[in-house]
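Data block below; observations after.
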Number of protein chains: 2
Amino acid sequence: MTQKSSPTIDDVARLAAVSTATVSRCLNAPQKVSQKTLERVMGAVRDLGYTPNFAARAMAANRTRTIGAVIPTMENAIFARGLQAFQEALHLRGYTLLVASSAYDPTREAEQIRTLVGRGADGLLLIGHDRPDATYAYLSDRDVPALVSWAYDADGALSSVGFDNRAAMRGLANHMLELGHRRIAVISGHIAGNDRAAERVGGIRDAMMACGLDAGGLPVEECDYDIDAGAAACGRLLDCDPPPTLLMCGNDVLAVGALREAGRRGLRVPDDLSITGFDDIELARIVVPPLTTVHVPHRQMGGLAAETLIGMIETGTRPDPVKLDSSLRLRGSVRAVRP
Amino acid sequence: MTQKSSPTIDDVARLAAVSTATVSRCLNAPQKVSQKTLERVMGAVRDLGYTPNFAARAMAANRTRTIGAVIPTMENAIFARGLQAFQEALHLRGYTLLVASSAYDPTREAEQIRTLVGRGADGLLLIGHDRPDATYAYLSDRDVPALVSWAYDADGALSSVGFDNRAAMRGLANHMLELGHRRIAVISGHIAGNDRAAERVGGIRDAMMACGLDAGGLPVEECDYDIDAGAAACGRLLDCDPPPTLLMCGNDVLAVGALREAGRRGLRVPDDLSITGFDDIELARIVVPPLTTVHVPHRQMGGLAAETLIGMIETGTRPDPVKLDSSLRLRGSVRAVRP
DNA sequence: GCAGACAATGTAAGCGCTTGCATAAAGAGT
DNA sequence: ACTCTTTATGCAAGCGCTTACATTGTCTGC
């Protein structure tokens with residue numbers, strides 16, 4: 001049914017009156033071929049509308065110039081944006097991106113990794129460090145270069161190009177403590193299997209402890225990373241007595257949910273309740289009031305991750321981990337506590 | 001460097017003491033193999049951690065159970081959502097999705113189509129009908145099943161599973177005319193090469209003409225599909241004298257941009273200016289005021305497109321086009337004109 | 001004019017899988 | 001007991017490309 005009549009390299013070779021080897025060289029290493037032959041062959045390629053068969057190429061060359069990425073979800077714009085930058089950088093170097101998502105499930109992640117490797121990915125980009133040993137064993141068995149992003153851990157099984165989630169959230173929490181907030185509650189994504197979520201909550205605790213506060217009593221609601229779940233979690237936290245003056249959320253999506261729930265209850269943000277996010281997606285600037293959040297350097301991270309991973313693939317070396325800087329974005333969703 | 005030691009079908013065959021043909025059958029047609037052999041082979045597969053090599057498989061079988069989709073952009077959540085549904089439906093049938101984006105550029109779209117076909121896509125999903133004849137010629141040359149979504153045209157070169165953009169926007173425009181709006185302006189995405197954009201503007205003109213209004217004088221600003229461009233276009237239209245009482249936008253993203261610009265200028269929406277969108281993405285319900293818009297049945301469309309395309313691939317028939325219904329979502333961003 | 005070096009091209013062996021066909025084994029029917 | 005099915009398995013030919021190696025042609029420099 002499919003590709004009834006796609007021209008093959010043999011057709012091109014015949015039409016240009018050369019061997020298939022020469023056609024292959026014209027496509028992959030033109031400098032090895034005489035000008036005259038090159039033109040003739042490229043003419044034949046054009047006339048036939050020839051496109052090399054990817055599978056055959058992958059099989060013969062044992063590389064695909066394809067890189068796989070397994071991200072937790074496409075739903076959150078922050079990953080979409082980061083991948084966009086990653087993809088653009090790959091494209092400049094002649095690589096193609098294959099994306100799969102794991103829905104924050106380690107089992108699915110392992111499956112997706114296998115699929116991508118089976119599809120011939122020359123290297124992999126993964127998010128965060130927290131995954132089963134078996135997955136790491138698989139990667140090292142197969143000798144597949146892999147890089148972690150979105151997190152930074154100098155001692156991880158894989159090298160990383162990311163930022164320090166803990167320090168970033170600590171910075172934000174410090175700022176909030178300076179504004180006088182003491183009744184703090186947290187809405188976090190599920191922490192199991194998600195080091196970014198764990199580190200962010202950890203950063204808040206760090207800041208509280210440095211202030212001499214009891215971080216053990218910090219109310220933390222874990223939920224899925226979507227607006228409705230964020231709203232529900234916000235509701236549960238607001239029902240506490242006394243209610244918090246500040247809600248720190250694991251990402252902007254949860255914060256938007258919290259904002260909505262606060263509005264539904266007639267609370268004014270930031271006068272009655274301050275809310276913070278994390279990621280700095282476009283949404284953070286569009287909601288009313290705009291969200292105070294942590295800006296994640298997604299473009300820089302994507303670009304650098306691409307360069308680094310390509311380096312690993314082409315030179316076979318393990319790179320030094322890179323820690324990028326995040327920064328605070330102070331906007332209207334927070335204010336100081338009334339004295 | 002890559003896949004130093006991935007086990008092959010030969011390794012499995014040796015370990016299970018059968019031929020490679022039997023291993024292949026265990027994986028692809030288990031009912032053709034005796035229970036005993038099946039178990040032995042599957043055990044070997046598990047022990048070795050064997051994953052079939054995709055490229056080899058594609059080459060030998062000349063099909064990949066992969067479907068390609070070329071969408072205008074990943075940035076707009078409406079495509080992301082629609083693809084999500086498409087992908088889920090494909091997955092149920094054992095197919096995998098490969099996505100590429102064209103940035104609304106017909107040349108890039110043609111490239112991406114070639115790439116996907118070169119990668120062995122068994123079929124393609126494309127958005128809209130407006131593309132060069134050469135692209136259609138390529139597809140029919142190669143006998144690649146392809147389906148159009150997001151638009152409906154009974155006479156298109158390809159069959160479609162979509163909705164009537166013109167009728168949908170006409171419905172919204174009718175409603176706005178009933179509310180008394182007469183000074184209407186439009187913010188549209190670029191119309192060249194984009195039948196959806198063209199049809200939506202056409203739908204507004206239809207409604208106006210049916211009301212006896214001069215559709216020729218309708219101010220239309222074309223711009224890129226992003227928030228900033230929408231805001232800028234909104235600014236240009238508001239500078240007209242007299243300014244419009246209603247801004248109809250080609251999609252929700254543009255409408256959010258318009259909303260922002262109106263706010264920046266101190267105009268109250270909907271009291272001073274009504275604004276409408278199109279698509280009904282999540283954002284439409286989150287902005288203040290929430291957007292009146294047209295709900296696109298993206299989930300239904302994605303699911304049905306998947307079924308239809310798989311049908312085309314597996315039976316080789318050309319299906320009847322399907323027209324789905326869109327519906328209005330009336331929210332706070334519009335109000336009747338003061339008498 | 002000729003050895004030596006280099007550039008351009010061809011030859012052919014796979015890469016890891018699927019599948020048509022041949023073969024072998026096991027029942028079924030008479 | 002013997003043939004005829006039916007079922008399970010093996011054999012081996014590709015699928016369309018890349019690339020190591022062999023071959024041929026073209027200059028250099030002496």
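Lettering of chains follows the sequences in order, A, B, ..., and the numbering in each one begins at 1.
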Quiz prompt | Thr8(B) to Tyr50(B) - nearest heavy-atom pair and separation | solution = C-CE1, 3.5 Å
Quiz item: Can you check whether Val23(A) reaches Ser19(A) side chain to side chain, under 4.5 Å on heavy atoms?
Solution: no
Quiz item: Is there a side-chain contact between Leu27(A) and Arg57(A), using heavy atoms and a 4.5 Å cut-off?
Solution: yes
Quiz item: Which whole-number value in Å describes the distance from Asp10(B) CG to dA12(D) P?
Solution: 14 Å
Quiz item: Relative to the 5' end of DNA chain C, which residue comes earlier, Thr20(A) or Thr37(A), by the nucleotide with the nearest heavy atom?
Solution: Thr37(A)
Self-check item: Range on DNA chain C touched by chain A - first to last nucleotide, heavy-atom distance under 4.0 Å
Solution: dA8(C) to dG16(C)
Quiz prompt | With Glu109(A) via side-chain hydrogen bond (donor to acceptor under 3.5 Å, both in side chains) - residues at least two apart | solution = Arg131(A)
Quiz item: Atom CG of Asn62(A) to atom C1' of dC17(D): distance rounded to whole Å?
Solution: 13 Å
Practice problem: Report which part of the nucleic acid Tyr50(B) touches: base, sugar-phosphate, or nothing (heavy-atom distance under 4.0 Å, all strands). | Solution: sugar-phosphate
Exercise. Could you tell me how the ring of Tyr225(B) sits relative to the ring of Tyr104(B): parallel (under 30°), tilted (30 to 60°) or perpendicular (over 60°)?
Key: tilted
Exercise. Identify, between Ala56(B) and Val18(B), the residue whose nearest nucleotide on DNA chain D lies closer to the 5' end.
Key: Val18(B)
Self-check item: Any Ser34(B) side-chain heavy atom under 4.5 Å of Thr37(B) side chain
Solution: yes
Practice problem: Would you indicate what Ala21(B) reaches in the nucleic acid, counting non-hydrogen atoms under 4.0 angstrom: base, sugar-phosphate, or nothing? | Solution: base
Practice problem: Kindly give the heavy-atom pair with the smallest separation between Leu147(A) and Ser159(A), and that separation in Å. | Solution: CD1-O, 3.3 Å
Practice problem: List the atom of Arg142(B), the atom of Ser6(A), and the distance in Å for their closest heavy-atom pair. | Solution: CD-OG, 3.1 Å
Sequence neighbours excluded and cut-off under 3.5 Å, please list the side-chain donor-acceptor pairs for residues 66-77 of chain B, or say none.
residue	atom	partner	partner atom	Å
Thr66(B)	OG1	Arg119(A)	NH2	2.6
Thr66(B)	OG1	Thr64(B)	O	3.3
Thr73(B)	OG1	Glu75(B)	N	2.8
Asn76(B)	OD1	Ile78(B)	N	2.9

Quiz item: Which residues satisfy the side-chain hydrogen bond (donor to acceptor under 3.5 Å, both in side chains) test with Gln35(A), sequence neighbours excluded?
Solution: Glu39(A)
Quiz item: Atom CZ of Arg14(B) to atom C1' of dG10(D): distance rounded to whole Å?
Solution: 16 Å
Quiz item: Quick one: Met59(B) CE to dA13(D) P, roughly how many Å, whole number?
Solution: 16 Å
Quiz item: What is the bend of the helix from dG1(C)-dC30(D) to dT30(C)-dA1(D) when you compare the axis at one end with the axis at the other, using five pairs each and rounding to 10°?
Solution: 30°
Quiz item: Do NZ/NE/NH1/NH2 and the carboxylate oxygens of Glu314(A) and Arg93(A) come within less than 4.0 Å?
Solution: yes
Practice problem: Mind running a 4.0 Å heavy-atom check of residues 23-34 of chain B against DNA chain D and sending the residues that fall below it, in number order? | Solution: Arg25(B), Val33(B), Ser34(B)
